[in-house]
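Only this structure's heavy atoms are used, side chains among them; waters, hydrogens and symmetry mates stay out. Chain letters run A, B, ... following the sequence lines, proteins first and then strands; every chain starts at 1.
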Number of protein chains: 2
Amino acid sequence: MELRRDPFHAIADPTRRQIIGMLAQKPQNLNSLAEQFDMSRQAISLHVKILNECGIITINQIGRERICHAKLEKLEEVSAWVSQYKEFWTERFAALEKHLETIKSKSK
Amino acid sequence: MELRRDPFHAIADPTRRQIIGMLAQKPQNLNSLAEQFDMSRQAISLHVKILNECGIITINQIGRERICHAKLEKLEEVSAWVSQYKEFWTERFAALEKHLETIKSKSK
DNA sequence: TCCATATGCAAGTATTTGTTTGCAAATATA
DNA sequence: TATATTTGCAAACAAATACTTGCATATGGA
């Protein structure tokens, strides 16, 4: 198998999505994050490591603390991928479809 | 571990993203999909099964064929999650930041 | 009916994931 | 300097993933 370290992998796990959410609000260190979960510090540490490898967070070592920051622009890749299909479910698309139908029936 | 069957899991794998892309263009059966990959039919079959479990595709049995359709509106969940952070990297936000900076410096 | 086609199911394998516990190392503070 | 805090590393483990190959089954067409 192959190790996949991209934003899609980063957000695949719900715990990781939560961590991203927390860091988006406020940069914080590992222990501070871990305290907010019902899970061992090590488990969170691993998720943080993965998020870092996926490039979606940045870690800044200050003394013994490692402050994590969200690098949200990495979500752009996901956003771009998803939005190419957005037209298939948004209202705007429904309206466009309707419009095209109108044109079609007129040209008959 | 726990089985996660949601759109985030569906799009975490690059092969599955490709399958979604293909089905978005044209509904097709399993073999037709498999032929376009350098991978066994079984491997694709498994991905299709997972996509189905994640609710992102629909399978329609017609005779011996199983036609797969993309159900792209399921991506809405991903889209919504990502877009809550969009302001942090879009130009619009950059412009807003700049504006706030201007206000700040003026109020000094 | 015979054969090709479309698919499922089962077993097997290597790797990854998500998690825990215990221990070591570095840094801050009293 | 002694102690508490923040963290990393390593080992362990069960379950999931991403594949493969081989065989069975159902359907469609000659």
Query raised in the report: Any side-chain N or O of B:His47 less than 4.0 Å from the OP1 or OP2 oxygen of D:dT17?
Result: no
Requested in this report: May I have the distance from A:Glu65 (atom CD) to C:dA26 (atom C1'), rounded to whole angstrom?
Outcome: 13 Å
Requested in this report: Please determine, by modelled atom types, if B:Arg16 and B:His47 share a side-chain donor-acceptor pair under 3.5 angstrom.
Outcome: yes
**Report entry** A:Gln61 CD to C:dT27 C1', straight-line distance once rounded to whole Å
**Finding:** 10 Å
Requested in this report: Assign B:Gln42 to base, sugar-phosphate, or nothing according to its heavy-atom contacts below 4.0 angstrom with the strands shown.
Outcome: base
Requested in this report: Side-chain contact test, heavy atoms from C-beta onward, threshold under 4.5 Å: evaluate it for A:Ile19 versus A:Ile57 and give yes or no.
Outcome: no
Query raised in the report: D:dT17 C1' sits how many Å from B:Ile44 CD1, rounded?
Result: 14 Å
Query raised in the report: In whole angstrom, what separates A:Lys49's NZ from D:dT6's P?
Result: 22 Å
Report task. Rounded to the nearest angstrom, tell me the gap between atom CG in A:Leu3 and atom C1' in C:dT15. Result -> 9 Å
Query raised in the report: Is the B:Tyr85-B:Trp89 ring centre distance short of 6.0 angstrom?
Result: no
Requested in this report: Indicate, yes or no, whether a donor-acceptor pair under 3.5 Å links the base of C:dT27 to the side chain of A:Arg64.
Outcome: yes
Query - Along DNA chain C (nearest heavy atom to each residue), the more 5'-positioned of A:Gly63 and A:Leu46 - result: A:Leu46
Requested in this report: Please examine the side chains of A:Ile67 and A:Ile59, heavy atoms only from C-beta on, and report whether any two atoms are closer than 4.5 Å.
Outcome: no
**Report entry** Salt-bridge criterion met for B:Asp13 and A:Arg4 (N-O under 4.0 Å)
**Finding:** yes
Query raised in the report: Between residues 12-40 of chain B and DNA chain C, which residues have a heavy-atom gap below 4.0 Å?
Result: B:Asn29, B:Leu30, B:Asn31
**Report entry** Residues A:Gln36 and A:Gln28: side-chain donor-acceptor under 3.5 angstrom
**Finding:** yes
Query - Side-chain donor/acceptor contact of A:Arg41 with base of D:dT6 under 3.5 Å - result: no
Requested in this report: Give a yes/no answer on whether the side chain of A:Arg5 brings an N or O atom under 4.0 Å of OP1 or OP2 in C:dT17.
Outcome: yes
Query raised in the report: Would you say a side-chain N or O of B:His9 is under 4.0 Å from OP1 or OP2 of D:dA16?
Result: no
Query raised in the report: Distance from B:Ile11 atom CD1 to B:Leu51 atom CG, nearest 0.5 Å?
Result: 11.0 Å
Requested in this report: Could you tell me the separation between the CD1 atom of B:Ile59 and the P atom of C:dA6, rounded to a whole number of Å?
Outcome: 16 Å
Query raised in the report: Within less than 4.0 Å of OP1 or OP2 of D:dA18, is there a side-chain N or O belonging to A:Arg4?
Result: yes
Report task. Counting heavy atoms from C-beta on, name the nucleotide in D:dT20, D:dT7, C:dG18 closest to the side chain of B:Ala43. Result -> D:dT20
